[in-house]
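Step one of this worksheet: look at the structure below.
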Amino acid sequence: MSMAPHSSTQQPPLSQPNRLEVTALDCLRGGWPVFSDLQFRLESGDLLLLTGPNGSGKSSLLRILAGLLPPAGGDLLWNEAPLHGGDSHPPSIGYVGHRNAIKVNLTLQEDLAFWARFHGQPQHRIAQALEAFDLTPLAARPGRVLSSGQGRRLALARLKVMQAPLWLLDEPLVGLDKAAVLAVRNEIEKHRRDGGIIVLATHQDIWHVEEQRLDLGTFTVSPDQLQELEA
Amino acid sequence: MSMAPHSSTQQPPLSQPNRLEVTALDCLRGGWPVFSDLQFRLESGDLLLLTGPNGSGKSSLLRILAGLLPPAGGDLLWNEAPLHGGDSHPPSIGYVGHRNAIKVNLTLQEDLAFWARFHGQPQHRIAQALEAFDLTPLAARPGRVLSSGQGRRLALARLKVMQAPLWLLDEPLVGLDKAAVLAVRNEIEKHRRDGGIIVLATHQDIWHVEEQRLDLGTFTVSPDQLQELEA
Amino acid sequence: MTRATSTSRPTASAGSWHRFANPGRFLRISGHVYPWSLGLALLCLGVGLVWSLGLAPADYQQGDSVRIMYVHVPAAWMALFAYSLLAAAGASLLIWRHPLGGVAATAIAPVGAAFTFLALATGSLWGKPMWGTWWVWDARLTSVLILLFLYLGHMALTHAFENAERGRKAAAVLALAGVVNLPIIKFSVDWWNTLHQPASVTRIGTPAIHEAMLWPLLVMAGGFMFFFFAVVLLRMRAALAAQRAEALDRRIMLGR
Amino acid sequence: MNALAALLARDLRLALRQSGDVLLAVLFFILGAALFPFAVGPEPNLLLRIGPGLIWVMALLSVLLSLDRLFAPDHEDGTLDLLLLAPAPLEGIVLARILAHWLASGGPLILATPLLAVFFGVPTYALPVLLGSLLLGTLALSALGALGAALTLGARRAGVLVPLLVLPLYIPVLIFGAGAVDAVLTGLAARPHLLLLAAVLVLSLPLAALAGAAALRQAAE
Amino acid sequence: MNALAALLARDLRLALRQSGDVLLAVLFFILGAALFPFAVGPEPNLLLRIGPGLIWVMALLSVLLSLDRLFAPDHEDGTLDLLLLAPAPLEGIVLARILAHWLASGGPLILATPLLAVFFGVPTYALPVLLGSLLLGTLALSALGALGAALTLGARRAGVLVPLLVLPLYIPVLIFGAGAVDAVLTGLAARPHLLLLAAVLVLSLPLAALAGAAALRQAAE
Ligand code: HEM
Ligand SMILES: Nc1ncnc2c1ncn2[C@@H]1O[C@H](COP(=O)(O)OP(=O)(O)OP(=O)(O)O)[C@@H](O)[C@H]1O
Ligand SMILES: Nc1ncnc2c1ncn2[C@@H]1O[C@H](COP(=O)(O)OP(=O)(O)OP(=O)(O)O)[C@@H](O)[C@H]1O
Ligand SMILES: [Mg+2]
Ligand SMILES: [Mg+2]
C-alpha cells in the first residue's frame with residue numbers, strides 16, 4: 001500500500017483507506033501472562049468488539065494499541081508502518097479508558113475547548129460534541145457536579161472534537177442511560193461511514209451480527225505456551 | 001410494630017421482618033434540586049430497582065439512604081425509628097458505591113479479612129465470599145493488579161462478609177462479565193430469601209416483572225415546585 | 001410511627017428547605033440597624049480623628065508618634081473582639097445549626113483580618129520610632145501574626161469547597177479550635193517578658209492613661225466598633241441577596 | 001473496640017507495606033535538617049545555637065508533610081464511605097488513625113533524633129529532654145494534624161491548605177517543645193515546659209477526635 | 001506549539017480557579033518562616049544572621065510541597081493517558097507544565113519576599129540580590145521538582161519519596177542562592193553565585209524536559 005504524498009505533513013484524511021494490523025501479540029502484566037499470539041487486521045470502516053470474561057485482557061489490549069503499555073511481543077502496524085515508535089506518521093488516536101480524565105474545576109465547555117485546541121481542531125466542533133451527547137444544558141457547569149453517566153458522556157464527547165481515524169473504546173457504555181447508548185451507537189456508525197477504525201471492549205451485548213468479534217477469553221495462555229514465552 | 005426485646009442490644013437478625021420507609025424526600029446537590037417528594041416503603045424481602053436517565057439522582061438517593069448525604073427534607077424510617085441520627089439501633093448497611101474502596105497494597109484475602117473483623121463477623125465467611133464471586137484464584141494477589149470487573153467483584157464480595165439487612169447497590173453490574181452478573185443475581189435472591197432489603201440502581205435491564213421500580217426521571221423538580229421549596 | 005404515610009408533603013419536612021434561604025426577620029431588623037451603625041461610625045470616626053490627631057496632647061516622651069495609638073489600640077481591640085464573634089458565630093452554626101451563624105462568620109472573617117492587619121501595620125510603624133525596628137519576634141506581636149493567619153485560614157477554608165455549607169462548617173470548627181490563641185494574645189504581655197506595653201486602659205481598676213488621651217481613644221474605639229457592625233451587616237445582607245439571586249438563576253435555568 | 005483494633009492493625013500493615021514509608025519520613029527529617037548548614041553556613045557555634053530548634057522544626061515539618069496520607073487516600077478511593085457506615089463510633093476511628101499515624105511518623109523520628117543531635121553537637125545531657133519533648137509533642141502534632149486533614153478533605157488544593165490551618169495550631173507545641181530543650185541547655189528547669197506540652201497533648205487529643213469526626217461526617221456527600 | 005500554549009493556558013486557569021491556590025503557597029512560605037523565631041528564640045541579631053538562609057529554605061520547601069500537584073492529578077484521573085497520546089512532543093508538555101508550575105508557585109513567592117525580608121531585618125541593599133537569586137532559583141526548583149514528580153508517579157507513598165529524591169538536587173540551588181545573598185551582606189560580589197545559579201537553571205531545564213518525558217512514558221501502563 002503506497003502512502004499518499006500529502007500524508008507526510010499531516011495525517012491521512014479519514015476518507016483515505018487505512019489498515020491496522022496486529023500480529024503475534026503477547027501481553028504480560030506484572031510478569032503474569034494475559035494473552036498470547038493474538039492477531040487481527042482491520043480496514044477502514046471496521047469495528048472490532050473485544051469480549052471475554054473479567055481479566056481476560058481487553059483493557060490491556062486497548063492500552064497496548066494506544067501505546068500506553070509495551071507489548072511483550074508481536075507487531076502493531078498502521079498502513080504497513082509501525083503504529084508506535086517508528087519514524088513514520090502515526091495516526092492520532094481517540095482513546096477512552098476506564099477513567100474519564102475530567103477536571104473538576106473546568107466547565108464542560110472549557111474541557112472540550114482545551115482538547116480541541118490541544119489537537120489543533122476548530123472550536124465549532126465543541127457545540128456539536130456537546131449536543132451529540134446531550135450535554136448542552138451542562139456546558140457551563142464544572143466537571144465536579146457530573147453524575148457517573150454524565151462524566152462518561154463527556155469523555156466520549158472528546159472523540160468528536162478531535163479528528164482521529166482510530167478509536168479505542170474501553171467499555172464506553174458503562175453507566176450510560178438508554179438515550180446515551182443510542183447516541184454512542186450513532187457516533188460509532190458515523191465514524192465507520194467516515195472510514196474510521198474502532199476497537200471496542202464491552203460486556204454489554206447491544207451489537208449484533210455484522211461486527212467482527214474477538215473473544216479474549218480464548219487467547220489465555222496455556223502452561224506450555226507460558227514456558228515458551230518465558231524461554 | 002413492636003421491637004423484639006433483644007433488638008436493643010444488637011441489630012435484629014435477618015429473619016425478623018424489617019421495614020424501610022421513605023417519605024417526602026427532597027434532594028439538593030450544590031444548591032440544585034435533584035428530586036423532590038419521593039416516597040416508598042420496603043419490607044423484608046423487597047428489592048427496589050432505581051432507574052432513570054443519567055443525573056436523575058439514583059446515586060444521590062442511595063447516598064442519602066446510606067446516611068452519607070444529608071437530605072434537604074423528608075424522613076427515613078427503619079422499623080418506625082429514624083434510620084440515621086436517632087438514638088435507636090440503626091441497621092448495619094451494605095453499601096457499594098461507584099468507587100470500589102480497594103487498597104492497592106492489600107491482598108484480596110487481607111481486604112476481606114479486615115472488613116470482616118471491622119464488622120465483628122467470623123472469618124470463615126471470607127472464603128465463601130471469594131468463592132461466590134470467583135475470586136479465589138486471586139486471593140493472594142494485591143488489589144493493584146485487579147481489572148475493572150475483578151475490582152467490582154471484590155467490592156460486592158464485601159457484602160457477604162458483613163451481616164447487613166439493608167443493601168444499597170449503585171450500579172453493581174458495571175463492568176461485570178456474564179458469569180459475575182449471574183453471581184450477583186444469585187446473591188441478591190439469597191439475601192431477599194433471608195429477609196434482607198435491597199435498593200439497587202441500574203441502567204441494565206436484567207430484572208423482570210416482579211420487582212418494584214422507581215423511575216427517578218419522573219421526580220425531577222419543576223420550576224413551580226422549586227419556588228415552593230425555596231420560599 | 002410518628003407520621004402517617006400520606007401523599008401530600010408534610011409541612012415539617014417542607015420547612016427544612018428554609019435552611020437555605022429567607023431569613024426574613026434578620027433582613028428586616030438589620031435593615032433598621034445598618035443605617036444607624038453606619039451613621040454613628042462616621043460620626044465617631046470624624047470626631048475621633050479630629051480630636052486625636054489635632055486636639056489631644058502630644059506625649060512628653062514620644063512626641064507626635066503617640067498619635068498612632070488612636071488607630072493602633074482600637075484596631076488591636078477589634079481584632080480580638082471580631083475573633084470572639086467569629087468563634088461565637090461558628091458555635092451557633094455547629095451547635096444550634098443556625099444558618100445565619102455561617103453567613104455571619106463568612107462576613108466577619110475578612111473584616112477581622114483587616115483590623116488585625118491594621119493593628120500589625122500600625123504597631124510596626126510605631127515600633128520603628130519606639131524600639132528602633134519594624135518587627136521583633138516578641139510573644140504578643142507573634143501571636144497577633146498567628147491571629148492574622150487564623151483569619152486567613154478561615155477565609156481560605158470557607159471558600160475551599162464546592163458546597164458552601166461544608167466550607168462554612170469546616171471553618172466554624174477551625175474558628176473554635178483557634179480560640180486558644182485569644183488568651184495567649186491578651187495575656188502574653190503578663191506571662192512573658194515582652195517589649196510590648198502591658199494593658200493600661202483595660203486593666204482592672206483605674207486606667208493608667210491620662211484622660212486627655214483616654215477620651216479620644218474611646219471615641220475612636222466606638223467609631224471602629226460601629227464601623228465593624230455596619231460592614232458586617234452589609235456583607236451579610238449582600239450574601240443573603242446573592243443566595244436569593246442564585247436561587248432565581250436556578251429557577252430560570254430550569255424553566256428553559 | 002474490636003473494630004478499632006482491626007482498623008489500627010490494617011493501617012499499620014499498610015504503612016509497613018508501602019515498603020519503606022516509615023524510613024522515608026525519617027530520611028526527610030534528616031535530609032531536611034541537613035539543608036540548614038548549607039543555607040546559613042557551617043559555623044559550629046551557630047549550628048549548636050540553632051540545632052535543637054532546627055530539629056524541632058524539622059520534626060514538625062516531617063509530620064506536616066505526612067498529613068495528606070491521614071484521610072485523603074480513604075476519601076478518594078471510597079473507603080471513607082464504608083468507614084462512615086461502620087458500627088464503631090467515628091471518634092474512635094479518628095483516634096485509631098491518629099495513633100497509627102504517630103506510630104508510623106513520630107515514633108521513627110524520635111529514634112532518629114540522637115543522630116541529628118550528634119550532627120548539631122547537642123550535648124548528651126540535653127538528649128533525654130529533647131526526646132521526651134518530641135515524644136509528647138509529635139503525638140500532639142499527629143492529633144492536631146488529623147483535625148486539619150479532616151477539615152480539608154475534598155477541598156481544593158488541600159495540600160497547601162493543611163499547612164496553613166495546622167501551623168498556627170502547631171506553634172504552641174513548638175514553643176514548649178523547643179523551650180524545654182532550651183531551658184535544659186541554659187541550666188533552667190525543663191519540667192514546666194514539658195508539663196505545658198503534656199497539657200497541650202491532653203487537650204488536643206479529645207479536640208481532634210470530636211472535631212475530626214465532625215469534619216469527616218461533613219466530608220462525605 | 002499551539003498545543004503547548006493550550007496546555008499552559010489550561011494549567012494556569014486551573015491554578016487560578018482553585019481560588020487562592022497561589023495565595024496559599026505564599027502563606028505557607030510566610031508562615032513557615034515565622035516558625036523559626038519560636039524555635040531558635042527571638043534575638044534580632046541571630047535572626048538577621050540566619051534570615052536570608054531561612055527565606056531560601058522556606059522558598060525551597062514551599063516549592064517542594066506543591067510538587068505533588070505537578071503530574072499526580074493528571075495521572076490519577078486519566079488525563080496523563082490522553083496527553084501521552086498527543087500530537088505534541090512530550091518534552092514540550094513537560095516544559096509547559098514546569099512553566100505553569102513556576103508561574104503559580106515561584107512567582108508569587110518572589111512577590112512576598114520583601115515582606116519576609118522586613119521581618120528578619122534583611123537590609124534593603126541586599127534585597128535585589130535576594131530577589132534575583134530567588135527568580136533564577138525557583139525556576140530551577142520547579143524544573144528539578146518536575147523531574148522528581150515524574151519519576152515517582154504511581155509509586156507507593158510518592159508524597160515522601162519526592163522530597164527524598166529532589167532534596168539532593170535542590171542543594172546546589174540552595175547553596176548558590178543563599179550564597180549570593182550572604183556575599184552581598186558580607187560585602188563580597190554576588191555575581192559569581194548568581195552566574196552559577198543561572199548555569200544550574202540552564203542545565204536543569206533540558207534535563208527535566210528529557211528525563212521527565214521519559215519518566216512520564218514509563219508511568220503509564
Ligand atoms: C506589630 C506590632 C504590634 C502589635 C501586633 C501589637 C498588638 C497589640 C494588641 C493585640 C493590643 C491589644 C491588647 C489588649 O487589648 O490587651 C495592643 C495594645 C496596645 N499597644 Fe500594641 N502592638 C504592636 C506594637 C506596638 C507598639 C510599637 C507600641 C508602642 C510602644 C504599642 C502600644 C500599645 C498600647 C499602648 C496598647 C494599649 C494597651 C492597653 O492599654 O490595653 N503597640 N497592641
Ligand atoms: N457534588 C455535586 N455537586 C453538585 N451537583 C452534583 C454533585 N454530584 C452530583 N450532582 C448532580 O446531581 C444530579 C444527580 O446526580 P446523581 O449522581 O445522583 O445521578 P445518577 O442518577 O446517579 O446518574 P448516573 O446514572 O449518571 O449515575 C446530577 O444532575 C449531577 O449533575
Ligand atoms: N498493573 C497490573 N499489574 C499486574 N497485573 C495486572 C495489572 N493490571 C491488570 N492486571 C491483570 O491483567 C489481567 C488483564 O487485565 P485487564 O484489565 O486487561 O482485563 P479486562 O479484560 O479489561 O477485564 P475487565 O472486563 O474486568 O475490565 C487481569 O488478570 C489483571 O489481574
Ligand atoms: Mg477492562
Ligand atoms: Mg450514579
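Below, chain A is the first sequence line, B the second, and so on; all start at residue 1.
Within residues 142-154 of chain D, the residues that have a heavy atom under 4.5 Å from a heavy atom of chain C are D/Leu147, D/Ala150, D/Leu151, D/Thr152, D/Leu153, D/Gly154, listed by number.
Listed here is the closest heavy atom pair of D/Leu164 and C/Ala156: CD2-CB, 4.2 Å. Contact detail for D/Gln218 and C/Arg166: the closest heavy-atom pair is O-CD, 3.2 Å.
With a threshold of 4.5 angstrom between heavy atoms, D/Ala214 does not approach chain C through any atom at all. With a threshold of 4.5 angstrom between heavy atoms, D/Leu165 approaches chain C through its backbone and through its side chain.
Of the inter-residue distances, the one linking D/Leu161 atom CG with C/Leu174 atom CG reads 9.0 Å to the nearest 0.5 angstrom. Note that the CG atom of D/Leu169 and the CG atom of C/Asn181 stand 9.0 Å from one another [nearest 0.5 Å].
Within a 6.0 Å radius of CZ in C/Phe227, no more than 12 heavy atoms belonging to other residues, nucleotides or ligands are found. Other residues, nucleotides and ligands place more than 12 heavy atoms under 6.0 Å from the CZ atom of C/Phe26.
Of the listed residues C/Gly167, C/Ser143, C/Ala170, the one with more heavy-atom pairs under 4.5 angstrom with chain D than any other is C/Ala170.
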